[in-house]
2 protein chains.
Amino acid sequence: MAQKVTIYDIAKALDLTPATVSRALNDSYEISESTKEKVRALARQLNYQPNRMASGLRSKRNKMIGILVPNIAYHFNSSAIAGIEEVLGAQGYRTIICQTHEKLDREIENLKDLVSIRVDGLIASLSAETLQLDHFQDLQMPLVFIDRVPIDDRFIRIHIDNEDAAYKGVQHLLQSGRKHIAWLAGPEGLDIAERRYRGYCRAHQEAETSIDPQLKIHFHFKPGDPYHRLRQTIQEKPAIDAVFSINDRIAIEALAAIRDAGKSVPQDIAVMGFNNESISPWLYPSLSSVSQPSFEMGREAALQLLGLIKGQKMQSRSFVFETHIVERGSTLPVLVKG
Amino acid sequence: MAQKVTIYDIAKALDLTPATVSRALNDSYEISESTKEKVRALARQLNYQPNRMASGLRSKRNKMIGILVPNIAYHFNSSAIAGIEEVLGAQGYRTIICQTHEKLDREIENLKDLVSIRVDGLIASLSAETLQLDHFQDLQMPLVFIDRVPIDDRFIRIHIDNEDAAYKGVQHLLQSGRKHIAWLAGPEGLDIAERRYRGYCRAHQEAETSIDPQLKIHFHFKPGDPYHRLRQTIQEKPAIDAVFSINDRIAIEALAAIRDAGKSVPQDIAVMGFNNESISPWLYPSLSSVSQPSFEMGREAALQLLGLIKGQKMQSRSFVFETHIVERGSTLPVLVKG
DNA sequence: TTGAAAGCGGTACCAC
DNA sequence: GTGGTACCGCTTTCAA
């Protein structure tokens with residue numbers, strides 16, 4: 001591993017001091033254009049690469065941002081990350097993506113690592129296991145939550161109104177004549193799922209439709225588990241005429257379970273997903289979904305974080321994004337026969 | 001931002017020197033157990049978090065590994081990353097994930113950043129635009145390529161035999177009686193796709209089936225484009241009786257295009273995907289796919305990189321993983337009618 | 001087993 | 001506009 005070029009090498013070659021070279025490379029106003037030119041030219045020629053460790057150590061800013069999410073394979077996360085990186089990248093910030101895999105201990109461990117790297121800020125989405133926030137409390141760094149946000153309103157939070165979003169989705173199903181709606185909730189204790197269930201309940205109450213608590217179905221985010229849980233429930237509750245799923249990926253398994261139960265979508269059972277993922281229009285039947293602007297939410301999270309880093313005092317602590325229903329084939333109302 | 005605790009604080013409090021504290025925290029054999037205990041206890045109590053900037057600057061090792069992939073939303077990548085992180089995490093290494101979004105300039109930029117962070121090593125998968133490797137040539141750090149690997153055999157490469165994998169997939173289609181197989185190739189110039197096309201051709205030649213070059217279909221990895229390209233091709237070439245897709249995500253669009261063209265799968269047209277993604281068993285019809293062990297490949301990439309970092313001389317430069325066909329409904333052979 | 005001190009490669013303050 | 005230099009927090013010789 002050949003010795004790296006440093007600003008000392010450049011300084012020596014040009015008969016300058018490291019301080020001057022540093023200022024030149026950082027385009028400081030105090031340095032003459034001619035010196036800057038010479039320094040930049042030689043830096044390029046020697047293929048000089050700055051050492052972020054060193055500059056970060058001294059300046060306490062390394063232009064790195066931590067992103068902590070449950071799983072990059074989730075559509076919301078990869079999409080939000082794209083939005084985050086678009087904003088942050090334009091300002092010269094780099095991101096360090098960490099996955100908790102829904103585990104609290106991974107979350108704590110990743111957090112420690114991000115602290116030890118001394119990232120300039122953090123954008124986080126809570127794991128399914130996270131119930132208390134001790135590990136976030138005294139982080140002492142700019143922090144923005146996204147999607148899976150805590151209740152604590154001292155934090156800046158970017159999210160949707162999960163209750164309202166589910167309310168709209170379930171209302172749509174009820175209005176198309178469905179009465180027995182299964183809620184594919186995901187793992188036990190997931191906050192966003194509980195909020196959505198509240199919207200589910202409210203829509204039922206307003207429509208004066210009775211709620212069967214057994215239609216709230218929990219499962220692990222593990223291929224096959226949602227399928228089997230739903231198949232079993234359909235067997236036990238043959239009156240089910242709609243399924244509302246926590247995300248589109250899971251809704252695909254729901255479509256399969258319904259098909260294998262000998263029922264058809266949307267004639268017998270309507271299906272509504274969540275997130276409006278890019279594959280959903282191409283499924284059969286095409287999947288209706290509650291859409292949330294994940295990319296834009298990522299952008300906003302990044303903008304808020306930049307504000308925090310620059311020390312601006314932020315007006316609002318909570319940014320609630322709008323959701324809307326995307327109607328497709330899987331929730332077409334059933335025509336009255338005859 | 002409260003002042004961070006340093007080893008100086010711990011040293012002062014315990015009437016030791018920073019050197020001793022450093023050694024104690026790193027579990028050095030030269031430090032007595034009793035001192036280690038005291039240091040660790042106080043470190044925990046003060047919530048000491050080591051500064052990787054500083055230790056990395058001095059020791060030239062920061063236990064960080066760069067991962068450079070086209071897109072984390074691709075199934076292969078998120079899955080391989082999980083494998084990489086499993087191996088590296090156990091050794092105390094952290095990963096910094098960068099996305100090129102298939103752009104050469106993003107690749108070069110990300111590479112510079114990873115160099116400036118002085119990561120201990122790099123695992124990379126080439127962007128679709130990457131034709132030459134100048135930016136990788138003089139990186140001067142342990143480097144392993146995965147999936148989208150260069151031809152250059154001076155690099156360690158983790159990959160499958162793309163030609164052979166496609167050969168097997170196409171052979172399977174030909175043997176089930178298909179004769180006009182469209183190849184959904186992805187963007188122009190993608191190396192793995194070209195290799196797979198060679199396998200496609202070889203399978204045709206061995207089966208003495210003629211090849212129609214117009215059945216090689218290029219498109220962008222952008223929702224809708226594969227669908228429209230395939231619909232158009234089906235219209236122009238009504239004899240198409242099979243579709244082989246570069247990945248399962250794209251195959252979903254193919255299923256939609258075929259359906260909307262009034263044909264059915266697998267009766268009129270068989271569909272074979274690639275990667276055997278987790279949703280594929282639940283599609284309708286369930287999707288046959290060429291499976292590659294992405295998680296294991298990620299693990300192997302990490303193991304090889306660790307070997308390089310530890311200075312072991314690696315025997316083999318190329319690790320070729322086995323693929324196999326997963327047969328599902330979308331390629332069922334058509335029963336002879338009557 | 002522990003201490004003393006010299007860096008690692010930049011940045012920032014104070015001179016000039 | 002540029003130079004000199006202390007210093008960021010830790011690691012690593014060399015001594016004791």
Side-chain angles (χ1 to χ4, degrees), chain A residues 1-40 42-43 46-64 92 113 115-120 140, chain B residues 1-40 42-43 46-64 92 113 115-120 140:
Chain A
M1 183 147 158
Q3 204 46 51
K4 284 279 171 198
V5 179
T6 73
I7 56 170
Y8 284 82
D9 302 322
I10 297 176
K12 204 166 296 174
L14 294 176
D15 200 27
L16 292 169
T17 57
T20 306
V21 175
S22 171
R23 284 183 279 234
L25 289 171
N26 289 314
D27 202 23
S28 161
Y29 66 95
E30 351 171 71
I31 300 293
S32 72
E33 206 46 55
S34 64
T35 305
K36 282 185 191 174
E37 282 303 340
K38 280 191 294 188
V39 170
R40 281 197 280 251
L42 187 60
L46 296 178
N47 192 28
Y48 166 76
Q49 300 287 8
N51 184 329
R52 275 198 203 223
M53 298 283 149
S55 74
L57 180 58
R58 178 67 227 231
S59 70
K60 310 267 188 207
R61 286 171 284 102
N62 57 16
K63 289 254 182 184
M64 307 215 278
D113 280 307
V115 168
S116 82
I117 292 166
R118 301 291 193 268
V119 291
D120 292 346
Q140 309 289 9
Chain B
M1 179 148 157
Q3 204 46 52
K4 283 280 169 199
V5 180
T6 73
I7 55 171
Y8 282 83
D9 302 322
I10 297 176
K12 204 166 295 174
L14 295 176
D15 200 28
L16 293 170
T17 56
T20 305
V21 174
S22 171
R23 284 183 276 234
L25 289 171
N26 289 315
D27 203 21
S28 164
Y29 66 95
E30 357 173 63
I31 301 294
S32 71
E33 206 47 52
S34 65
T35 307
K36 282 185 189 172
E37 282 303 339
K38 279 191 294 189
V39 169
R40 281 197 280 250
L42 187 59
L46 297 178
N47 191 29
Y48 167 76
Q49 299 288 7
N51 184 329
R52 277 199 202 223
M53 298 283 150
S55 72
L57 180 58
R58 178 65 230 241
S59 69
K60 311 265 190 206
R61 288 170 282 106
N62 57 16
K63 289 256 183 182
M64 307 213 279
D113 280 307
V115 168
S116 82
I117 293 168
R118 302 290 193 268
V119 291
D120 292 346
Q140 310 290 9

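Not measured: the values here are computed from a predicted model. Residue numbers start from 1 in every chain, and the chains themselves are labelled A, B, ... in the order their sequence lines are given, proteins ahead of strands.
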Next on the checklist: If the threshold is 4.0 Å, N to carboxylate O, is there a salt bridge linking A:Arg52 and B:Asp113?
Outcome noted: yes
Item to check | For atom CZ of B:Arg23 and atom P of C:dA4, their distance in whole Å | outcome: 11 Å
Checklist outcome for this item: B:Lys12 NZ to C:dG3 P, in whole Å, measures 14 Å
Item to check | Phosphate-side-chain proximity, A:Ser59 and C:dT11, N/O vs OP1/OP2 below 4.0 Å | outcome: no
Next on the checklist: On a heavy-atom basis, which atom in B:Val5 and which in B:Tyr48 lie closest, and how many Å separate them?
Outcome noted: O-CD1, 3.3 Å
Checklist entry - Considering only side-chain heavy atoms of A:Arg58, which listed nucleotide, D:dG3, D:dT11, C:dG10, is closest? => result C:dG10
Checklist entry - When you measure from the side chain of B:Lys60 to the backbone N and O of B:Arg118, does any donor-acceptor pair fall under 3.5 Å? => result no
Next on the checklist: Please confirm whether the shortest side-chain N or O distance from B:Arg61 to OP1 or OP2 of D:dT12 is below 4.0 Å.
Outcome noted: yes
Item to check | Heavy-atom donor-acceptor pair, A:Tyr8 side-chain to C:dG10 base, under 3.5 Å | outcome: yes
Checklist entry - Atom CE of A:Met53 to atom C1' of C:dC8: distance rounded to whole Å? => result 12 Å
Checklist entry - Within the distance-only criterion (no hydrogens, no angle test), does the side chain of B:Arg58 pair as donor or acceptor with the backbone N or O of B:Ser55 below 3.5 angstrom? => result no
Checklist outcome for this item: Against the side chain of A:Ser22, the closest entry in D:dG9, C:dT11, D:dT11 is C:dT11
Next on the checklist: If you compare every side-chain N and O of B:Thr17 against the phosphate oxygens of C:dT2 (OP1, OP2), does one of them come in below 4.0 Å?
Outcome noted: no
Checklist entry - Once you round it to whole Å, what is the distance between C1' of D:dC10 and CG of A:Leu57? => result 8 Å
Item to check | Listed nucleotide nearest any side-chain atom of B:Ala54, set C:dT1, D:dG9, D:dT2 | outcome: D:dG9
Checklist entry - With respect to the phosphate group of C:dC8, does any side-chain polar atom (N or O) of A:Asn51 fall under 4.0 Å of OP1 or OP2? => result no
Item to check | Presence of B:Lys60 side-chain N/O under 4.0 Å of C:dG9 phosphate oxygens OP1/OP2 | outcome: yes
Checklist entry - For B:Leu25 and C:dT2, what is the distance between atoms CG and P respectively, to the nearest whole Å? => result 13 Å
Checklist entry - Sub-3.5 Å donor-acceptor pair from the side chain of A:Asn51 to the main-chain atoms of A:Met53, do we have one? => result yes
Item to check | Atom pair distance, as rounded to whole Å: CG in A:Asn62 and C1' in C:dC8 | outcome: 17 Å
Item to check | A:Ile31 CD1 to C:dA12 P, straight-line distance once rounded to whole Å | outcome: 13 Å
Checklist entry - Can you tell me how far P of D:dG1 sits from CG of A:Asp27, to the nearest Å? => result 13 Å
Next on the checklist: So if I apply the side-chain contact (heavy atoms from CB on, under 4.5 Å) rule between A:Thr20 and each of A:Ile7, A:Val39, A:Thr35, which one comes out positive?
Outcome noted: A:Thr35
Item to check | Phosphate-side-chain proximity, A:Thr35 and D:dT2, N/O vs OP1/OP2 below 4.0 Å | outcome: yes
Checklist entry - At under 4.0 Å between heavy atoms, what does A:Asp15 touch on the DNA or RNA strands: base, sugar-phosphate, or nothing? => result sugar-phosphate
Item to check | Proximity to the side chain of A:Ala19 - top-ranked nucleotide from C:dG3, C:dG9, D:dG4 | outcome: D:dG4
Checklist entry - Does A:Tyr48 put a side-chain nitrogen or oxygen below 4.0 Å from OP1 or OP2 of C:dG10? => result yes
Next on the checklist: Check the phosphate of D:dG9 against B:Ser55, side-chain N and O only, distance under 4.0 Å to OP1 or OP2. Yes or no?
Outcome noted: no
